Asks: 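There's a structure below that I have some questions on.
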Amino acid sequence: MQVYNTLGKKKEEFTPLKEGEVGMYVCGPTVYDLSHLGHARTYIAFDMIVRYLRVRGYKVCYVVNITDIDDKIIARARELGEAPQALAKRFEAEFFADMDTLGMLRADHYPKVSGHMPEIIKIIERLLEKGCAYRAGGDVYFSVDLAVGYGRLSGQSAEEMLAGARVEVNPLKRNQLDFALWKGAKGGEPSWESPWGPGRPGWHVECSAMGVKYLGEQFDIHGGALDLIFPHHENEIQQSEGATGKGPFVRYWLHTGFLLVKGEKMSKSLGNFITIKDVLKGHDPEALRLFFLSVHYRSPIDFEYQNLQNAEKNLERLYNALNFVDRIEKSTDEIKGIKDILESHKNKFYSAMDDDFNTSKALSHVYELTGEIFKIGPKAKADDLLSLRDFLGEVGYIFGILQREPQIKGLEEALRALAISLGIELAAATDYRGAIEAVIAARETLRRGKEYAAADRIRQELMGMGVILEDSKDGPVWRLKRAPRGASSS
RNA sequence: GCCGGGGUAGUCUAGGGGCUAGGCAGCGGACUGCAGAUCCGCUUUACGUGAGUUCGAAUCUCACCCCCGGCUCCA
């Protein structure tokens, strides 16, 4: 399996530190506002990666941090006249609600800055002891000049960065690229006690402290969107390796590309952001997942409703294939070559996924296979069907799609009412399947008598209760409508 | 200024020295009481421009044009 490592800027064979186990840390949200589509893109990408690694047999420990202490939180809280911690808690809850709606696997840990002050302080102390950091005023700064290999992740030297940088001059810093490990408290801000007086941690140090705590001083994968490469991840490497004396802190750095809106970067500061909730008001979360995963995770993706609708259509086709496989009469007639077709597409799918999680290419093989599935016709060997189903199930798991459940709540009662209105007597033991069959049989009688208006009305009513009826060449076929989870769908 | 990613048929997205892309849209057929689903065919040997290397370039090299991003906070 190959992954693209930002550190080194090339694809590398993936070999975890401990065989069969993967430690993975992804930079989570700063909870000061609703999560937007950019967050969704990034977290869906890493969700897919975790799922795929697990399918590949790795035991993954997945950590996503929540930044709940931060300048922006304080600023927003001030604007709204709310306590910073209360605001952070509120948006944290919103974040989890969005992630659940998107069908995200829960991470194994969601560490928060506010819960890890001792660990953070300890790292800063170690950095001070080793001479990597210095105190100035009530602050503590990391000294970039003393660091080894600064700029190795972002691929730029310190001088170059400084040359074009738009950094505000801070007289307390020895080098303007130095960054705060600890910020002394200013009036009215939340603060914690420390050996350097009351204050709060700088932005980058939390990830070093929490990464080390949950995954060890060195671990396998660290992810985030590419805007975090500099300065956040660059600084994280320096802090972590400086404090532990071990390197590399992280073996593989994975970064997702940006989400663009009409060709421009979407960001909170530009104010052109679309929240996850906005989009999910009228669209299926699985379609959004498929939309994101139909582009490679490192490429920029331009969000357009038109393209999301496209994903919706693709999703429907996949569901149709799934329904088709379910519906096929299990026969012992062997369809020539189907086993080979499945194997070959399956292999192509996995080799695409093994190549830096190329979901786009992998999906193209799935679409090809769905075409083959439809061509199989109504008969296939039971074994072949099961393996087709299994494969679609694997695809569904990896992409987090095809998880819609048929709705059977209240169905039986509704069917009984319909049956009565049609003058059909149902035995007490008849379940919804039996009821559907009975109604359909009655409708067939009407159709044969060319009473199409009545027959169409029954089909309409069944549709209303979530039973889709289609008249095929081989007679009527029914299936249950699968309801998108989460918000209402279009 | 420095560092990246791109420009692929109407459109979106992969690929990346000879293997002719996947989806969607459109059009025309098949099936069909209607609806739905599906199939077949067409649009369709496409790769920003100019040069070079090569038996052969969309792919490699060079130059140029255009788009987007990073070097401040960001996912």
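It should be emphasised that the depicted structure is a prediction, and the values quoted were computed from it without experimental measurement. The sequence lines fix the lettering, A, B, ..., with proteins before strands; numbering per chain opens at 1. These numbers come from the heavy atoms of this one structure, side chains and all, not from hydrogens, waters or symmetry mates.
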Asks: Which whole number of Å gives the distance between the P atom of B/G28 and that of B/A35?
Replies: 15 Å

Asks: OP1 or OP2 of B/G70 sitting under 4.0 Å from any side-chain N/O of A/K265?
Replies: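 Yes, within the criterion.
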
Asks: Given the P atoms of B/U43 and B/U38, what is the spacing between them in whole Å?
Replies: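 Rounded to whole Å, the distance is 23 Å.
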
Asks: Report the residue from A/D356, A/N5, A/D355 that forms a side chain to side chain donor-acceptor pair (under 3.5 Å) with A/K11.
Replies: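 Exactly one pass, corresponding to A/D355.
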
Asks: What distance, rounded to whole Å, do you find between the two P atoms, one in B/G50 and one in B/U8?
Replies: 16 Å

Asks: Can you check whether A/N310 has a side-chain N or O nearer than 4.0 Å to OP1 or OP2 of B/A25?
Replies: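 So the side-chain polar atoms of A/N310 never come under 4.0 Å of the phosphate oxygens OP1 or OP2 of B/A25.
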
Asks: Which atom pair, heavy atoms only, marks the closest approach of A/L315 to A/A287?
Replies: CD2-N, 3.7 Å

Asks: Any idea which heavy atoms bring A/D384 and A/I338 closest together, and the distance?
Replies: OD2-CG2, 3.0 Å

Asks: Should A/K375 be listed as having a side-chain N or O under 4.0 Å from OP1 or OP2 of B/C40?
Replies: yes

Asks: Between A/N65 and A/T67, does the side chain to side chain donor-acceptor pair (under 3.5 Å) criterion hold? Intermediate values first, please.
Replies: CA-CA 6 Å; A/N65 70 289; A/T67 299; 3.3 Å; yes

Asks: In whole Å, measure the gap between the P atoms of B/C40 and B/G69 for me.
Replies: 42 Å

Asks: Using a heavy-atom cut-off of 4.0 Å across all strands, would you classify A/I468 as base, sugar-phosphate, or nothing?
Replies: nothing

Asks: Please check if the side chain of A/R289 supplies one atom and the backbone of A/F399 the other of a donor-acceptor pair under 3.5 Å.
Replies: yes

Asks: Given the side-chain rings of A/H255 and A/H233, with only the six-membered ring counted for Trp, is the space between their centroids under 6.0 Å?
Replies: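 Judged by ring-centre distance (under 6.0 Å), A/H255 and A/H233 do meet the cut-off.
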
Asks: Determine whether a donor-acceptor pair (one donor, one acceptor, N or O, separation below 3.5 Å) exists between the side chain of A/T42 and the base of B/A75.
Replies: yes

Asks: Check each of A/R76, A/K112, A/E92, A/E94 against A/V31 using the side-chain contact (heavy atoms from CB on, under 4.5 Å) test, and report the only one that passes.
Replies: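 Of all the options given, the one that passes is A/E92.
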
Asks: With heavy atoms under 4.0 Å as the rule, sort A/F258 into base, sugar-phosphate or nothing.
Replies: base

Asks: State which of B/C24, B/C68, B/A75 makes the closest approach to the side chain of A/H39.
Replies: B/A75

Asks: Quick one: label A/Y367 by what it contacts on the DNA or RNA (base, sugar-phosphate, nothing), any heavy atom closer than 4.0 Å.
Replies: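 The answer is sugar-phosphate, as A/Y367 gets under 4.0 Å only of primed atoms, P, OP1 or OP2.
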
Asks: What does A/K361 touch in the nucleic acid at a heavy-atom separation under 4.0 angstrom: a base, only the sugar-phosphate, or nothing?
Replies: sugar-phosphate

Asks: Would A/F374 and A/F324 count as a close aromatic pair, with their ring centres under 6.0 Å?
Replies: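 A/F374 vs A/F324: aromatic centres under 6.0 Å.
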
Asks: Taking the nucleotide of RNA chain B with the nearest heavy atom to each, does A/R447 or A/S360 sit closer to the 5' end?
Replies: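 The residue closer to the strand's 5' end, by nearest nucleotide, is A/S360.
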
Asks: What's A/R443 touching, base or sugar-phosphate or nothing? Going by heavy atoms closer than 4.0 Å.
Replies: base

Asks: Among B/G69, B/G36, B/C71, which nucleotide sits nearest the side chain of A/F230?
Replies: B/C71

Asks: Hey, does A/K450 reach any base, or is it just sugar-phosphate, or nothing, if we go heavy atoms under 4.0 Å?
Replies: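 No contact at all - A/K450 keeps every heavy atom at 4.0 Å or more from the nucleic acid.
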
Asks: In terms of side-chain heavy atoms of A/E470, which of B/A75, B/A37, B/U38 is nearest?
Replies: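 Of the candidates, B/A37 comes closest.
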
Asks: What N/O pairs connect the protein and nucleotides 41-48 of chain B at under 3.5 Å? Give each pair on its own line.
Replies:
none

Asks: Mind checking the P distance from B/G7 to B/U13? Whole angstroms is fine.
Replies: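 Taking atom P in both B/G7 and B/U13, they lie 9 Å apart.
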
Asks: Taking B/A25 as the reference, what is the distance to B/C71 when you measure between their C1' atoms (whole Å, please)?
Replies: 41 Å

Asks: Contact class for A/D71 vs. all strands (heavy atom < 4.0 Å): base, sugar-phosphate, or nothing?
Replies: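 No contact at all - A/D71 keeps every heavy atom at 4.0 Å or more from the nucleic acid.
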
Asks: Under 4.0 Å from OP1 or OP2 of B/A37: is there any side-chain N or O of A/N323 that close?
Replies: no

Asks: If you assign A/N358 and A/R41 each to the RNA chain B nucleotide with the nearest heavy atom, which residue ends up on the more 5' nucleotide?
Replies: A/N358

Asks: Between A/Y62 and A/Y25, is the gap from one ring center to the other below 6.0 Å?
Replies: no

Asks: What about A/D227: does its side chain form a donor-acceptor pair under 3.5 Å with the base of B/C73?
Replies: no

Asks: Using the P atom on both, measure B/G5 against B/C62 and round to a whole Å.
Replies: 13 Å

Asks: Closest approach to the side chain of A/Y32, judged atom by atom: which nucleotide of B/G69, B/U38, B/A75 is it?
Replies: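 The closest nucleotide is B/A75.
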
Asks: Would you tabulate the pairs of protein nitrogen or oxygen atoms and nucleotide nitrogen or oxygen atoms of nucleotides 2-6 of chain B closer than 3.5 angstrom?
Replies:
| from | atom 1 | to | atom 2 | distance (Å) |
| --- | --- | --- | --- | --- |
| B/C2 | O2 | A/Q156 | OE1 | 3.4 |

Asks: When rounded to the nearest Å, what value does the distance between C1' atoms of B/A37 and B/C68 take?
Replies: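 Roughly 41 Å separates the two C1' atoms.
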
Asks: Any ion pair linking A/D284 and A/R404 (charged N to carboxylate O, less than 4.0 Å)?
Replies: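 Looking at A/D284 together with A/R404, the answer is yes, because their closest N to O distance falls below 4.0 Å.
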
Asks: Paired stems touching RNA chain B, three or more consecutive Watson-Crick or G-U pairs with both distances under 3.5 Å?
Replies: B:1-7 with B:65-71, B:10-13 with B:21-24, B:26-30 with B:38-42, B:48-52 with B:60-64

Asks: Taking the six-membered ring where the residue is Trp, are the ring centres of A/Y350 and A/H345 under 6.0 Å apart?
Replies: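 Not under 6.0 Å, so no.
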
Asks: Test for a donor-acceptor pair under 3.5 Å between the base of B/G23 and the side chain of A/R317, counting only N and O atoms.
Replies: no

Asks: Counting the benzene-type ring for Trp, do A/Y4 and A/Y252 have ring centres under 6.0 Å apart?
Replies: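 They do not qualify: ring centres at least 6.0 Å apart.
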
Asks: Could A/D70 and A/R200 be called an ion pair, given the rule that one side-chain N must be under 4.0 Å from one carboxylate O?
Replies: no

Asks: With no angle test and no hydrogens, is the base of B/G33 tied to the side chain of A/D456 by a donor-acceptor pair under 3.5 Å?
Replies: yes

Asks: If you look at every strand shown and take non-hydrogen atoms under 4.0 Å, does A/E368 touch a base, only sugar-phosphate, or nothing?
Replies: sugar-phosphate

Asks: Classify the angle between the aromatic ring planes of A/F249 and A/W253 as parallel (below 30°), tilted (30 to 60°) or perpendicular (above 60°).
Replies: tilted

Asks: Indicate, with a heavy-atom threshold strictly under 4.0 Å, whether A/H296 touches base, sugar-phosphate, or nothing.
Replies: sugar-phosphate

